[in-house]
Amino acid sequence: MAPYSTRGVHGQTVETIARRIVGGSVPPGTIIDTAALQQELDVSLTVLREAMRVLSAKGLVDARPKRGTFVRPRSDWNLLDGDVLHWQAPVVSDQFLAELGEVRAALEPSCAQLAASRRTDEDLAALDAALEAMTAAGQDPDLAVAADLSYHRALFVASHNDLMLRLEMVLQAGLARRDQMVHSGPAADPVPVHRAVVEAIRDADPDRAQTAMRHLLDVAAQDAAAARS
């Protein structure tokens, strides 16, 4: 999906207001003077209202009788929404990386464990294809990100747990943002730790798959820390 800034006056309005909120210049709890904002941005009331509807849907703002339009607490924001992640660019915060790591640690080892018990030949083929794409990507950041996302998608599919798969769809946006940061510069070869998980799944060894995934996540945390330094 294209950034809002490329979607005409409406998109530029959304992007301008969103970046102010996410960047902290308009902090949570602030009452937004929509009349003044409309004049400053030189847009129609229709455009401004539509922009506010978009931001409301993403959890950034709300409107109440007698209070007006205000910025919601960060805890209400849809932090894994692709646009919200984009508006936080170019910096991925330490807090975001820590929270993403905690969510992954809660989900992915269990997912690998389930996959080792339930995987089909088609699941193994998808995981192998993702590993091949990871190898072929080399240091190309776009290909590396795409291959990693394909791998984790295939892993969650192999769990054969529909709710787990829905959680992967939420996790994917955050993982993509993290991957873009890690692969924007020189990165260690990701294939060995990812392959170790697949081999445990292939051998139908749930405990080994869980352990291998925990090791993968430890390495991922080290890679993210190195990219931040």
Side-chain angles (χ1 to χ4, degrees), residues 1 3-4 15 18-28 58-60 71-113 130 133-134 137-156 159 164-197 209-229:
M1 183 180 294
Y4 267 93
E15 180 115 358
R19 284 196 180 276
R20 292 179 183 181
I21 294 172
V22 173
S25 61
V26 182
K58 296 178 184 297
L60 272 64
V71 179
R72 296 174 68 176
R74 188 176 184 274
S75 58
D76 291 344
W77 300 354
N78 186 355
L79 293 173
L80 291 181
D81 178 90
D83 291 315
V84 177
L85 288 167
H86 169 71
W87 293 327
Q88 294 181 84
V91 177
V92 176
S93 70
D94 289 336
Q95 178 183 356
F96 173 81
L97 288 173
E99 291 177 352
L100 178 64
E102 289 170 356
V103 172
R104 294 184 69 190
L107 292 178
E108 292 192 278
S110 295
C111 181
Q113 189 177 42
M134 208 174 285
Q139 294 298 316
D140 185 307
D142 292 336
L143 293 179
V145 171
D148 190 56
L149 294 178
S150 294
Y151 174 92
H152 289 280
R153 174 72 174 175
L155 178 70
F156 275 81
S159 74
M164 189 80 80
L165 186 56
R166 296 300 182 274
L167 291 172
E168 185 277 336
M169 294 172 67
V170 174
L171 185 64
Q172 189 176 67
L175 185 59
R177 191 69 189 90
R178 175 260 175 207
D179 284 354
Q180 288 161 4
M181 181 195 71
V182 169
H183 293 290
S184 61
D189 183 3
V191 174
V193 291
H194 287 77
R195 189 182 301 281
V197 177
Q210 186 178 58
T211 299
M213 177 53 71
R214 285 176 177 154
H215 177 61
L216 186 158
L217 293 175
D218 287 342
V219 172
Q222 294 168 12
D223 290 343
R228 293 277 291 162
S229 62

*asked:* As an exercise, state the distance from CZ of R74 to CG of L79, rounded to the nearest 0.5 Å.
replied: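 It comes to 5.0 Å.
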*Reported SG-to-CD distance for the pair C111 and E168, which is rounded to 0.5 angstrom*: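 Output value for this atom pair is 8.5 Å.
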I'd like to check [X] versus [Y] (side-chain heavy atoms, cut-off strictly below 4.5 Å). Are they in contact?
X	Y	value
V103	L167	no
W87	K58	yes
M181	L97	yes

Could you go through residues 139-149 and list every donor-acceptor pair under 3.5 Å that involves a side-chain atom there, pairing it with any protein atom two or more places apart or in another chain?
unit_1 : atom_1 : unit_2 : atom_2 : d
Q139   : OE1    : A187   : N      : 3.4
Q139   : NE2    : A187   : O      : 3.3
D140   : OD1    : D142   : N      : 3.1
D140   : OD1    : L143   : N      : 3.1
D148   : OD1    : H152   : NE2    : 3.3
D148   : OD1    : H194   : NE2    : 3.1

*asked:* Test side chain to side chain contact (heavy atoms under 4.5 Å, CB included) on D189 and M134; report intermediate values, then the result.
replied: CA-CA 9 Å; D189 183 3; M134 208 174 285; over 6 Å; no
*Looking at residues at least two apart in the chain, or sitting in another chain, which of them share a side chain to side chain contact (heavy atoms under 4.5 Å, CB included) with P73?*
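S75, D76.
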Residue pair [X] / [Y]: nearest heavy atoms and the distance that separates them:
X	Y	result
V197	A112	CG1-CB, 4.2 Å
W77	V71	CZ2-CG1, 4.5 Å
A130	S150	CB-C, 4.1 Å

*Can you list the steps and then say if I21 with R72 is a side chain to side chain contact (heavy atoms under 4.5 Å, CB included)?*
CA-CA 9 Å; I21 294 172; R72 296 174 68 176; over 6 Å; no
Side-chain atoms of residues 214-224: list all donor-acceptor pairs with protein atoms under 3.5 Å, sequence neighbours left out, distances to 0.1 Å.
none

_Those residues that, when tested against R195, pass side-chain hydrogen bond (donor to acceptor under 3.5 Å, both in side chains) (two or more places apart)_ =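 Applying side-chain hydrogen bond (donor to acceptor under 3.5 Å, both in side chains) to R195 gives none.
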*Quick one: do R177 and L100 satisfy side chain to side chain contact (heavy atoms under 4.5 Å, CB included)? Show the steps, please.*
CA-CA 10 Å; R177 191 69 189 90; L100 178 64; over 6 Å; no
*For the side-chain contact (heavy atoms from CB on, under 4.5 Å) test, which of L155, L107, V193 pairs with M213?*
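Running side-chain contact (heavy atoms from CB on, under 4.5 Å) over L155, L107, V193 with M213 returns exactly one hit, L155.
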*Does anything in residues 99-112 pair up under salt bridge (charged side-chain N to carboxylate O under 4.0 Å, His left out), and if so which pairs, sequence neighbours excluded?*
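As it turns out, the salt bridge (charged side-chain N to carboxylate O under 4.0 Å, His left out) pairs with a partner in residues 99-112, which skip direct neighbours, are R104-E108.
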